[in-house]
Every structure is written in structure tokens, then in C-alpha cells.
K.L.:
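Have a look at this one before I ask anything.
Naming: A, B, ... by sequence-line order, numbering from 1 per chain.
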Amino acid sequence: MAAPESGDGNNGAARMVTLISSDNTRFEVEAAAASLSQTLQLTILDGGGGGGDGIPLPNVDSATLSKVLEYCIKHAPAAANGGAPNATAVDRAELERFDNEFVNIDQSVLYSLIMAAHNLEIEGLQSLVAKKVADMIKGKSPMEIRRTLGFPDPTPEEQAEMNAHMLEYGWAYE
Amino acid sequence: MAATIARDKRRRLEEEEEDHISRLPDAILGEIISLLPTIDGASTQILSSRWRPLWRSAPLNLDLHDRPLTRKRIPFCDISVILSHAGPGRRFAIPKHYLERNENPMAILDILLQSPALDNLQELEFHCGYDELQLLPASLPRFSSTLRVASIGGCIFPLDANGISALHMPLLKQLSLSNVSILESSLYALLDGCPVLESLLLMQYIGCTRIRIASGTLRSIGVVISAPNLYILGQLPVDNPRIEFGTTTFQGSHVINSITAVNHVKVLALTHINLSLDVVIDIMKCLPRLENLYIKMAKKCNEKIYVKVPQLTL
């Protein structure tokens, strides 16, 4: 087991940890990036995940983990600066551009990402994906939201119930 | 009945296969809903029986400022959604354009305020419009023990000061009155009932000609007088106001009398038609702790500008 290094590897090569997805793919990543996960942080501080050990993540598949780590690697430097008070406007704009593009994804991927962000407790990613879904809902009629979020077509009974509620809540028919 | 259960089962299976976002745990969906503007959040109840209880289980934050009037939605009618919320209420804000269009705005407001969804309300903001002042809603006292922020507009306060003293608001920290009619004695009774008030804003028409306020808690005020902790003096809503700070008296922007300096005021805003450098210097002499000074030159009419400031540089 690797001994914990001081300064998170700022002096010399950065300390690396290995994460193992549910389908047994190994990801080697800088400890600083993986530590964005509150869930992993303590294990990593204890020196876990180094050498041949690896930290198993039975709830996260490799496609999702690779996406999660893409986020962590991008955000780790800013997080290391204590929430980026030193970051320049250019850095912040670049992160924002990255975030917007990052969540421009298929809904099934977004779903897995939301679940992973909560399992791993990555705060920034949690709010990013929640905001993305909120933006998908905002300003839409109930039928539009159902279509957007991929609800199955309502049965005639459900449709009648929805119509009654829409009337009650003051929605005009489209 | 059996057919319904079978159908529900089939539908659940379909949802599991196709409906990704809807499969998220309730806690995460609730978090997403709490990010939505009020009406959008309330509308999620219509989506399905699974989504129906989610919005209702979060504290109600009904702020209609964020609700655009679109042709898709019938104005005002959808506010009835609040009647279906289980409460407690955190904030209720209803802007002027909602109420003033109605024949009897106060009756509508009163019905809404009586809704159990607003029990234990902490922040209340409403304005009944400029056209015709409305008597203060009768249901207001039911929030008096929980309100922390109140903004009241377009209202007549009861003429009887006893009616006001029913409004004892032990937690109220911010009070804003805009375009209201209130007797001087009633205003004092109101302020007496707010022992921890820190911010008072009096805007537009306030139905009294003279106001004297004595307060040990106020930190910010929009019309002043003897408030020892005062540090922001906002724009005064009257012409040529007479203001007394202890032994120092201002009439309009002129210093009438100054024996001791006013040490607490750090921020001062002056909007005046005939502002001269001498006047500004006189005022500044009385306010040695002044940190920020804002000056706005007002136009008296479109054609002519009556500003006399010989190269004011500060």
C-alpha cells in the first residue's frame, strides 16, 4: 500500500490512484481528481487505491466512470485552489463552457451520471446535472415535459386525469 | 379493478425501460424540482402520480415574480395551486400586476393568505397597486409570530392604532412600506411591535407628514430620525425634509444646526435639484464617518436642467 504523500504530490510526480468500475475496468487517475468525490476522499487520504489495490466501485459502470473522471480531472485544479478564488475570468469561462458541453448528452447517459454523482458525492457535478434537468423542465407545459423526459404516452384515463389537473392549475391547452 | 392493477404493472415495467429521468430516486427528483421557478415546480405535480407528492413535500416558496405571463397559461388562475400545497410556507411574493387587475384584489389576496399552505410564513411581499388603496388584509396577523421579512404596498392601515398593535411581530427584521396610507401614531404602534427590526424602507406615498423614529435595532432606513445604529441614509421621499440627528438638524440639504457630529452615518445619497458644492461640504462636515457619498442630479423638466454644481470634484 502506498504511503500518503504530503502536498498531494505537488512536489514531483502527482500521486495516482486506481478506480475499478462495476464491469472491472481499471482507471488510473490523480488522487487530487478522485478526491473530488466525498465518498472516495477518506479512503484516498488513508492511502487506499494506490499500487495494485484499486478501489472497487460496484455501482458505476466504465462508460459512466470515464465521464465522471473527465469532469473531476477538469475541475480538480480549481478545487485545489479552494473553490477557485485565484482563478482568472478566462479560467472560469473555460470551466463554464466545459460544463455546458459536458451535460449536452443523451438522457440515459445523464441518468447514469446523476446516479454516479450522488453515489460518489461529487458536489459540483451533483448541482450541474440537477440544474441540467431543471433547465429541461423549465417553461414547458406538462405534456412537453413528459415528452422531454421520455414518459410513455399516457393512457386515455391518465390523459383525462391530467386534463382535469391542468384545468385546475390553470393551464390552457396547447 | 384487476384490470387497473394489471395495467399499472405493465405501465411500471414500461417506465422502467423507457423513462430514465423519472426513475431517479425521490430525493434527487425533489432536489431538481426545488431548483425550478415556483409555477414550473408546481406544474410537475401534473406529470404522474409518482411526481405528484414531490413538490408538495418541499417547503413552499411561491414567488410570482419569476412567473412570466404567457399565452399558454391563464394569468392568476394557476395561483390556486398553492391551496393544494401541504405547507409550511417559506416565502410568498405576489407582485403588483397580479393583484391590480382584479376587481377586488384584497379579497383574493385574503383568500390566498388564509391557505394552510402558507402556515408559518417567514417572508411576505405583496402590492395591491396604485389606483385604489386597499385595507390591509384581515388575515395578516396570523403570520405575525413567524414573519421575518415583510413588504407591503398599496394598502391602507387601520385608522385605529389598536388595530395595528395586534401586529406584534417579534421576529420581523425587514419591513418595507410602499404607497401606503398610515397615520403617524399607527406607524409608531407598528414599529413598537417589531422589537428586532433592522431595516425599514418607506417608499413613495406614505400617508404621514412627519415621522419620528426611535429605535435601538435599526441598521438601515429609508426615512429617518433618531436611530443610534443608523449607517445608511436612503433617499427621502419628501421635498425639503427636516431631519434631526441628536443635536444636528438638516432642512432639505442645508445644515440648520450642528453642535455635535453625527458619527454613525457611513453612507449618504443626495438627490437634489439645487445642489451646490458648499451644501455638500456642509453636510460632509457633520458626517465625519461618511464612507460612501452618492450624488444624483435630478432634472426638473425635460428642457432645462437646474443643477448648480461648480466643478464638483470629490
Side-chain angles (χ1 to χ4, degrees), chain A residues 59 64 103 105-119 121 123 125-174, chain B residues 3-4 6-8 10-52 54-55 66-85:
Chain A
N59 294 321
T64 308
V103 288
I105 44 175
D106 189 72
Q107 215 179 104
S108 60
V109 183
L110 183 61
Y111 173 84
S112 312
L113 205 53
I114 295 171
M115 292 307 289
H118 278 79
N119 280 329
E121 291 178 66
E123 211 183 309
L125 186 56
Q126 278 174 288
S127 23
L128 177 64
V129 288
K131 193 177 162 293
K132 168 68 179 178
V133 180
D135 286 343
M136 288 161 67
I137 296 175
K138 214 176 274 182
K140 291 198 168 99
S141 75
M143 277 314 289
E144 286 168 337
I145 297 171
R146 282 187 66 106
R147 278 196 291 271
T148 305
L149 300 188
F151 280 73
D153 287 338
T155 62
E157 278 170 49
E158 275 180 325
Q159 184 65 59
E161 198 187 340
M162 272 180 67
N163 288 350
H165 279 298
M166 282 168 80
L167 206 61
E168 184 190 333
Y169 294 162
W171 282 89
Y173 292 104
E174 295 166 58
Chain B
T4 314
R7 201 204 60 217
D8 283 353
R10 178 178 59 80
R11 300 264 302 109
R12 268 201 299 277
L13 284 173
E14 277 179 15
E15 284 192 14
E16 273 172 30
E17 282 164 19
E18 299 170 19
D19 173 15
H20 291 290
I21 297 299
S22 208
R23 275 168 55 202
L24 289 168
D26 285 0
I28 298 179
L29 289 179
E31 196 182 300
I32 290 166
I33 290 168
S34 73
L35 294 174
L36 291 168
T38 313
I39 297 296
D40 283 317
S43 300
T44 60
Q45 294 179 96
I46 303 171
L47 293 175
S48 73
S49 49
R50 161 90 198 287
W51 283 60
R52 197 151 299 141
L54 297 176
W55 174 75
D66 61 17
R67 154 116 162 40
L69 294 166
T70 64
R71 110 191 121 70
K72 270 190 199 166
R73 300 169 185 189
I74 303 165
F76 210 85
C77 165
D78 58 7
I79 203 177
S80 65
V81 294
I82 72 161
L83 303 174
S84 69
H85 194 284

K.L.:
With side chains defined as the heavy atoms from C-beta onward, is the minimum distance between A:L149 and B:W51 less than 4.5 Å?
P.N.:
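Contact flag for A:L149/B:W51 side chains = yes.
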K.L.:
Ignoring hydrogens, what is the shortest heavy-atom contact between B:L36 and A:K138? Give both atom names and the distance.
P.N.:
CD2-N, 4.1 Å
K.L.:
Can B:E31 and A:K131 be counted as an ion pair, charged N to O under 4.0 angstrom?
P.N.:
no
K.L.:
Once rounded to the nearest 0.5 Å, what's the spacing between atom CD1 of B:I21 and atom CG of A:L110?
P.N.:
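Interatomic distance, B:I21 CD1 to A:L110 CG, rounded to 0.5 Å: 4.5 Å.
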K.L.:
Would you check, one step at a time, whether the test side chain to side chain contact (heavy atoms under 4.5 Å, CB included) holds for B:I32 with A:I137?
P.N.:
CA-CA 9 Å; B:I32 290 166; A:I137 296 175; 4.3 Å; yes
K.L.:
Just wondering, more than 12 heavy atoms not from A:E123 lying within 6.0 Å of its CD?
P.N.:
no
K.L.:
Distance check, rounded to the nearest 0.5 Å: A:M143 atom CE versus B:L47 atom CG?
P.N.:
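These two atoms lie 10.0 Å from each other.
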K.L.:
Measure the CG-CD1 distance between B:L24 and A:I114 for me, rounded to the nearest 0.5 Å.
P.N.:
4.5 Å
K.L.:
Nearest 0.5 angstrom please: A:E161 CD to B:I46 CD1, how far?
P.N.:
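If I round to the nearest 0.5 Å, the distance is 10.5 Å.
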